[in-house]
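For reference, the structure is listed below as C-alpha cells.
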Protein chains: 2
Amino acid sequence: MARRLNLEEIGRRAGVSRSTVSRVVNDDPNVSLKTKKRVEAVITETGYRPHAAARSLALNSTDVLGLVIPSAVETLFADPYFGRLIFGISRATNEVQMTLTLFLFGDVPDEESIISRVVSPGLVDGVIVTATTMGDPLIDYLRGAEMPFVVIGRPDDGGPVFSVDVDNRGGARAAALHLANLGRRRMALISAPANTSAGVDRTSGFLDGLAESDLDLEGRIREGDWTEGSGRAAMEELLADQPDAVFAASDRMAVGAMSAIRAAGLRCPEDVGVVSFDGLIAPDQTSPPLTSVVQPVRKVGERAVKLLKAVVDDTVALPECIVFPTELAVGGSCGALPEKVL
Amino acid sequence: MARRLNLEEIGRRAGVSRSTVSRVVNDDPNVSLKTKKRVEAVITETGYRPHAAARSLALNSTDVLGLVIPSAVETLFADPYFGRLIFGISRATNEVQMTLTLFLFGDVPDEESIISRVVSPGLVDGVIVTATTMGDPLIDYLRGAEMPFVVIGRPDDGGPVFSVDVDNRGGARAAALHLANLGRRRMALISAPANTSAGVDRTSGFLDGLAESDLDLEGRIREGDWTEGSGRAAMEELLADQPDAVFAASDRMAVGAMSAIRAAGLRCPEDVGVVSFDGLIAPDQTSPPLTSVVQPVRKVGERAVKLLKAVVDDTVALPECIVFPTELAVGGSCGALPEKVL
DNA sequence: CTTGCCTTTGGGAGCGCTCACAATATAGAG
DNA sequence: CTCTATATTGTGAGCGCTCCCAAAGGCAAG
C-alpha cells in the first residue's frame with residue numbers, strides 16, 4: 001500500500017522493467033510505441049514523478065543553479081536592482097529547465113554555514129555570484145571547491161573568471177559628457193561604495209568624462225551606500241558647494257538627491273541637473289523624470305545563466321568577460337528637453 | 001589521482017571505515033576523541049564535503065525549502081513587499097540551516113514545467129506558497145503530490161491548509177476608523193485585485209470601518225493592480241468625486257495616488273488625506289510621510305518557515321492558520337499630527 | 001582468568017536512479 | 001526454415017550516503 005512510487009514499482013504495474021520506464025521518462029526513442037503508451041498511462045494514473053535526489057546522484061548533476069548575494073543587508077534589498085536581477089535570472093533559469101536556489105547572506109554568523117552549502121557538491125551545479133565587495137574570500141572558496149561560477153560585475157583581482165558586467169565606466173563617462181554638453185560646469189558626484197567594482201568604475205568613468213570636457217570635481221564628491229537616504233545626505237552636503245549638476249551612481253541615490261535639492265528650495269533641473277545610473281525608475285515615478293544611464297539588468301541575468309550553463313556543461317573554452325553596453329535615457333532631470341535627444 | 005572524494009576515500013586516508021567518517025561528519029558522539037581528531041584532520045586537509053544529493057537520497061530529506069510565487073510578473077516585483085518577504089524567508093531558512101529555492105512563474109509556458117519541479121520528490125522538503133490568486137490550481141497539485149506546504153495569505157477555498165497571514169481586514173478597518181475620527185467624511189478606496197485574498201479582506205475591512213462610522217463609499221472605489229501607476233490612474237478618476245480621503249490597499253498604490261493628488265493641484269493631507277497598507281515605505285520617502293497599516297512582513301516570512309519546518313518534521317497536529325496583527329503607523333498623510341498618535 | 005557489559009568500529013544493504021551491456025524478440029534475407 | 005541484423009527489453013553495478021547490526025576492543029567485577 002504505502003509502497004513508495006519508483007521506477008521499479010511503475011515497471012511492475014506496467015509489466016516492464018525499471019529501465020524501460022526510465023527510458024520512457026527520459027524520452028529515449030528506443031522504446032516501442034506500444035510499451036511507451038502503456039507506461040505513460042501508468043505514470044499519469046499514479047502521478048509518479050522521478051526522485052530528483054536519486055537522479056542527481058546517478059547523473060552527478062542537479063539541474064539547479066545557485067545565486068549568491070553575499071552582502072544582502074536588508075537596505076540593499078530595497079533597491080529595485082536586485083528584484084529585477086533575481087527576476088531575470090529566475091526566468092532564464094526556467095527557460096533552460098533548471099531550478100534556482102538563493103543564497104542570501106544575512107549577518108556574519110550565517111556566512112560560514114552558507115558558504116559551506118554553496119560549495120558542497122550535489123546541491124547546485126554552479127553558482128552566479130553578484131554584489132561582491134573587493135577582496136571577498138568567496139571567490140577563492142569557489143575556486144578551491146571547483147564549483148563552476150560566474151561573476152556578475154567585474155571580478156576584483158586579476159584571476160581569470162567568467163563574468164558578465166555592464167559598461168559602468170562608459171556609461172558614467174557618457175553621463176559626464178551629456179551634462180557638459182548641456183553647459184553644466186560645476187558638477188558634483190555621489191559615488192557608490194569604493195569597495196565595489198561598479199562603484200569604482202562609475203566614479204572613474206565620470207571623471208574621464210569630466211576630464212575630456214576640461215572640467216573637474218574640485219572636491220564635490222561624496223560616497224553613498226546605494227540607499228536613498230545616503231543620496232539625500234550626500235546631496236545636502238554637496239549643495240554647500242553650489243553645484244549646477246550632480247551625477248548619482250544609482251537611481252535610488254539620485255531620488256534621494258532630488259529630494260534634498262527640492263528641500264533646499266532649489267529646482268531640478270534648472271538649478272541643479274541630475275543624472276543617475278541604473279535606469280530602473282519609471283519616468284512617472286519622479287518629477288521631472290530621471291535622466292539615467294540604463295543598464296540592461298535582465299539581459300545581464302539571462303546572459304549570466306547562459307554562460308554558467310556553458311561553464312557547467314564545459315562547452316566553453318577560456319574564461320570570458322562579457323560586457324553589456326549602457327545607454328543614456330534622457331528624461332527631464334538633466335535639463336535637456338526630451339525633444340533634443342541626440 | 002582524480003579519485004572522487006567520498007566517505008570511503010576519507011576513511012581510507014584516515015585508516016578507518018566509511019561509517020566512522022560519517023559519524024564524525026554528523027557529530028555522532030559515539031566516536032573516540034582520537035579517531036575523531038584524525039578524521040577531522042583528513043577532512044580539513046582534503047577539503048572534503050559530503051555529497052548533498054547522496055545524503056538526500058539516503059535520508060529522504062533535502063534540507064531545502066521552496067518559495068513559490070505563481071504570479072511573478074515583473075511589475076509585481078517592483079513592489080518592495082516581495083523583496084522584504086524573500087529576505088525574511090531567506091534569513092529564517094538560513095537560521096534553521098536550510099537552503100531556499102525560488103520558483104518564480106514568469107509566463108504561462110513556464111508554469112507546467114515549474115509545477116512539476118515544485119512537486120517532484122527529492123528536490124525540496126516543502127514549499128511556501130504566496131501571492132496566489134483565488135482558485136489557483138497549484139494548491140491542489142501540492143495536495144495531490146503530498147508535498148508539505150504553507151500558504152502565506154488566506155487560502156481561497158475552505159480546505160484545511162497551514163497558513164500565515166496578517167490581519168488584513170482588521171488593519172483596513174482601523175484605517176477607516178482612523179480617517180473617520182479625523183473628521184473625513186467623503187472617503188474613497190483604491191482596492192487591491194479582487195482575485196486575491198488580501199484584496200478582498202482589505203476592501204471588506206475598510207467597508208466595515210466605514211459602516212461603523214455611518215459612512216459609505218457611494219461608489220468612490222477603483223480597483224488597482226498593486227502598482228504605482230494603477231494607483232495614480234485610480235486616484236485621477238476618483239478625484240472627480242471630490243473625496244476628502246483615500247485608502248489605498250498598498251503602499252505603492254498610495255504613492256501613485258499622492259502623485260495624482262499633487263498633479264491635480266490639491267494638497268495632501270489638507271484636501272485629501274491618504275492612508276495606505278503595508279508600511280514598507282520609509283517616512284522620508286514621501287512627503288508628507290505616509291500613514292500606513294504596517295504588516296510585519298519579515299515576521300510573516302519567518303513564521304512561515306518555522307511552520308513549514310514543523311509540518312515537514314511532522315511535529316504539528318492540525319492545520320493551523322496563524323494571523324499576525326497589523327498596526328497603524330501614523331505619518332502626516334492622513335492629516336493627524338504625529339503628536340496626536342493614540 | 002573468565003565473564004559480561006559497554007564503548008567503539010566495520011560491513012552489508014538499500015535509498016531511486018542511470019548507464020553499459022547482455023538477453024531476447026522481431027524481422028528480413030537467403 | 002535457418003541465419004543474421006536490428007529493434008527492444010532486462011539485469012547488474014554503482015553513484016555516495018545512512019542505518020542497522022554484528023564484531024571487536026576495553027574494563028571491572030566475580
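Here is how names work: the chains are called A, B, and so on, in the same order as the sequence lines, proteins then strands, and each is numbered from 1.
For the OP1/OP2 pair of C/dT8 and a distance below 4.0 Å, the side-chain nitrogens and oxygens of B/Thr35 include no atom meeting the criterion. The shortest distance between the side-chain N/O atoms of A/Ser32 and the OP1/OP2 oxygens of D/dA7 is not below 4.0 Å. The side chain of A/Thr20 places no N or O atom within less than 4.0 Å of a non-bridging phosphate oxygen (OP1 or OP2) of D/dT8. Distances shorter than 4.0 Å separate some side-chain N or O of B/Arg4 from OP1 or OP2 on D/dG16.
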A/Arg117/A/Ser113 under side chain to side chain donor-acceptor pair (under 3.5 Å): CA gap, chis, key distance, verdict
CA-CA 6 Å; A/Arg117 268 179 288 139; A/Ser113 126; 3.2 Å; yes
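Rounded to whole Å, atom P of D/dA13 lies 22 Å from atom CG of A/Asn60. In this entry the distance linking CG of A/Leu7 with P of D/dT9 reads 15 Å, nearest Å. As rounded to whole Å, 14 Å separates atom P of D/dG10 from atom CZ of A/Arg12. Spacing between atom CD of A/Glu8 and atom C1' of D/dG12 amounts to 12 Å, rounded to whole angstrom units. Taking atom CZ of residue A/Arg23 and atom P of nucleotide C/dC21, one finds them 14 Å apart after rounding to whole Å. As rounded to whole Å, 10 Å separates atom P of D/dT9 from atom CG of A/Asp28. Between B/Lys37 atom NZ and C/dT8 atom P the separation is 15 Å, expressed in whole Å. Atoms NE2 (B/His51) and P (D/dT18) sit 12 Å apart, rounded to a whole Å.
Minimum atom distance to the side chain of B/Ser19 is reached by C/dG10, of the listed D/dT9, D/dT18, C/dG10. Proximity note for A/Arg55 (side chain, C-beta onward) versus C/dG16, C/dC17, D/dT18: the nearest is C/dC17. Of the candidates C/dG10, D/dC17, D/dT9, D/dT9 carries the atom nearest the A/Val31 side chain, counting heavy atoms from C-beta on. The side chain of B/Leu57 has C/dC15 as its nearest neighbour among C/dC15, C/dG10, C/dT18.
Looking at B/Ser22, its side chain never comes within 3.5 Å of a backbone N or O of B/Arg18 through a donor-acceptor pair. A donor-acceptor pair under 3.5 Å links the side-chain atoms of A/Ser56 to the main chain of A/Ala52, judged by distance alone. Looking at B/Asp79, its side chain does come within 3.5 Å of a backbone N or O of B/Tyr81 through a donor-acceptor pair.
Residue contacts for A/Leu59: at a heavy-atom cut-off of 4.0 Å it reaches the sugar-phosphate backbone alone, with no base atom in range. Residue contacts for B/Asn30: at a heavy-atom cut-off of 4.0 Å it reaches a base atom on one of the strands shown.
For B/Val16 and B/Ala54, each mapped to the nucleotide of DNA chain C holding its nearest heavy atom, the one lying further toward the 5' end belongs to B/Val16.
Looking at B/Arg18, its side chain has no donor and acceptor atom pair within 3.5 Å of the base of C/dT9. Side-chain atoms of B/Ser17 and base atoms of C/dG11 include no donor and acceptor less than 3.5 Å apart.
Screening B/Thr93, B/Asp125, B/Thr99 for a side-chain contact (heavy atoms from CB on, under 4.5 Å) with B/Asp63, the sole residue that qualifies is B/Asp125.
Between B/Glu8 and B/Arg12, none of the side-chain N atoms (NZ, or NE/NH1/NH2) sits under 4.0 Å from a carboxylate O, so this pair counts as no salt bridge.
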